[in-house]
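All remarks here apply to the structure that follows.
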There are 2 protein chains.
Amino acid sequence: MDTGQANVHRQNGVALWRQIADRIRASIANGDYDASGKVPPEFTLAAQFGVNRHTVRSALAALAQEGIVRSVQGRGTLIERKERLNFPITRRTRFSEGIGDQAREKEGLLLHSAREPASADLSARLHIAEGAPVIRLETLRKADRRPVSRSTTWFPAERFGGIEEAYEKTGSITAAFRKLGLADYLRVSTEVTAIHADGADLADLQLSPGAIILVARALNTDPDGVPVQYAISRFPADMVQFTIEN
Amino acid sequence: MDTGQANVHRQNGVALWRQIADRIRASIANGDYDASGKVPPEFTLAAQFGVNRHTVRSALAALAQEGIVRSVQGRGTLIERKERLNFPITRRTRFSEGIGDQAREKEGLLLHSAREPASADLSARLHIAEGAPVIRLETLRKADRRPVSRSTTWFPAERFGGIEEAYEKTGSITAAFRKLGLADYLRVSTEVTAIHADGADLADLQLSPGAIILVARALNTDPDGVPVQYAISRFPADMVQFTIEN
DNA sequence: CCTAAATGTCTATTAATATAGACAACCATA
DNA sequence: TATGGTTGTCTATATTAATAGACATTTAGG
């Protein structure tokens, strides 16, 4: 498709090396360099983007930091990792099944849990009284040791007391629900937005600053349509895409 | 929810003023300042983000440039615009209906059209032979005079010859299809990713550089399941969210 | 009509970004 | 084993981003 020059911009608040790093990362994910398994030489990239070679080197250093490339003197800059996990969003969306066989090792970590009164917004979404108790879980999910999502998720406390322990033991919302007697649940709505990563997400998702995050706000209900969970999940945009099949 | 300090990051390739501008823009969209209709004073923001007042001023200047706020000496920084268009993604997703009454004026502009052979990727998606002719439309959509999406969309040329003119006249894909005898079509899949805006999109969508773009890759079929359109649409992430209802 | 609370403007300094050029070190391969 | 292509390192300089402080100007309200 459009090979568009789409050059790089100055004085925009985004450093050139970061723009270039983002572009190269995208090209790698896109398979542009699959033939050689290498990124083009620094000289070539510098000419392509119309910048100094040192600027390109800064970009490549950032990508090396992320573990995406590895520079070898005399040989070139080799592509180490190249992936974009796909998350299908359907009526039966589940994180662990969604990844499927795209990753071998899947982990779900409980970072923090709390019991608190529902805010106005949250109580409306969960169809409970404002101020009614909810359980909040802060979780981190990993695939093949790399963090792929950082979620904040709320459950009505009356119905799902003890879900903290259930999640901590199983590392899975689906399994935790089952332990508490909910055999099935459905995704009724998902809102998707994108923002720049903030401090906490940078740390938890091991991103280099300036990274983009896909935000999904999801509401799950039981089979009778009663809300059981509201979740805000944040995914590194360069590693993840969502697919909606209708 | 978490009032999280979520401070701002240095030496990351993203200037502080841009990070702060992004955060304030998000807060405005989120309705955080609805009570006063104003952004907090520069002093307060500077303390909040842990930066110099001048840095905050740079951020506010950028937002003023975008038409989101307006600073008035002696009074404060007033919120001018505050919106995030919602695009429902369903089996019957249509751009114009999707916007619904969120905007008064809706426009669809044809920037460019071309007839070309289908790439390998495209032919697979449209279920046509590789190299078979397709019509490509480059379109820009606006709501209330502001650009909200920049799309590249392909149609099998054999079936939809003349769709360029039909689109140009009507400004709507749905109407253009109808003119060519296709009364109905369905959205079968949508892939959502997020990237930094490139040069062309910055210009077309009138964004300030460094902006985030939501990318939706969509496949539409006729009621018999035969692919009729593949589209890649780019939306300004700070103006738009997608909602998937299951 | 004064005052407090804002934003506007100016000067000066430091740190981060980007450019420029030269040359060393390393690797594959002819 | 010589050579061309590549990354690594160093020095120097210019531009942009960020901090710091002082003071002017405007507005709203007591």
Distance-only side-chain donor-acceptor flag, [X] / [Y], under 3.5 Å:
X: T152(A); Y: E138(A); answer: yes
X: T77(B); Y: S71(B); answer: yes
X: T153(A); Y: Q229(A); answer: yes

Checking contacts here: which listed nucleotide ([options]) is nearest the side-chain heavy atoms of [X]?
X: V72(B); options: dG8(D), dT19(D), dT27(D); value: dT27(D)
X: V51(B); options: dG8(D), dT19(D), dA18(D); value: dT19(D)
X: H54(B); options: dG8(D), dT7(C), dT19(D); value: dT19(D)

Which whole-number value in Å describes the distance from [X] [atom1] to [N] [atom2]?
X: R57(B); N: dA18(D); atom1: CZ; atom2: P; value: 15 Å
X: E42(A); N: dG8(D); atom1: CD; atom2: P; value: 6 Å
X: W17(B); N: dT19(D); atom1: CH2; atom2: P; value: 14 Å
X: R70(A); N: dC27(C); atom1: CZ; atom2: C1'; value: 13 Å
X: R53(A); N: dC23(C); atom1: CZ; atom2: P; value: 14 Å
X: F43(B); N: dA4(C); atom1: CZ; atom2: P; value: 15 Å
X: N52(B); N: dA12(C); atom1: CG; atom2: P; value: 17 Å
X: Q19(A); N: dT16(D); atom1: CD; atom2: C1'; value: 14 Å

Using a 4.5 Å cut-off on heavy atoms from C-beta on, say whether the side chain of R217(A) contacts that of Y230(A).
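When only atoms from C-beta onward are counted, R217(A) and Y230(A) do touch, with a gap below 4.5 Å.
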On DNA chain C, does the nearest nucleotide to G76(B) precede the nearest nucleotide to Q73(A) from the 5' side, or the other way round? Give the residue.
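Looking at DNA chain C, the more 5' nearest nucleotide goes with G76(B).
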Which residue lies toward the 5' end of DNA chain C, A15(A) or L60(B), if each is placed at its nearest nucleotide?
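Taking each residue's closest nucleotide, the earlier one in sequence belongs to L60(B).
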May I ask you to say whether R57(A) pairs ionically with E42(A), meaning some side-chain N is under 4.0 Å from a carboxylate O?
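A salt bridge is present here (some side-chain N lies under 4.0 Å from a carboxylate O).
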Does dT17(C) have OP1 or OP2 sitting under 4.0 Å from an N or O in the side chain of T55(A)?
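So the side-chain polar atoms of T55(A) never come under 4.0 Å of the phosphate oxygens OP1 or OP2 of dT17(C).
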OP1 or OP2 of dT26(D) under 4.0 Å from side-chain N/O of R75(B):
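For R75(B), the contact criterion (side-chain N or O under 4.0 Å from OP1 or OP2 of dT26(D)) is not met.
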Sugar-phosphate, base or nothing in reach of S58(A), heavy atoms under 4.0 Å:
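The answer is nothing, as S58(A) stays clear of every strand by at least 4.0 Å.
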Nearest-nucleotide 5' precedence on DNA chain D, V56(B) against G74(A):
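The residue mapped nearer the 5' terminus is G74(A).
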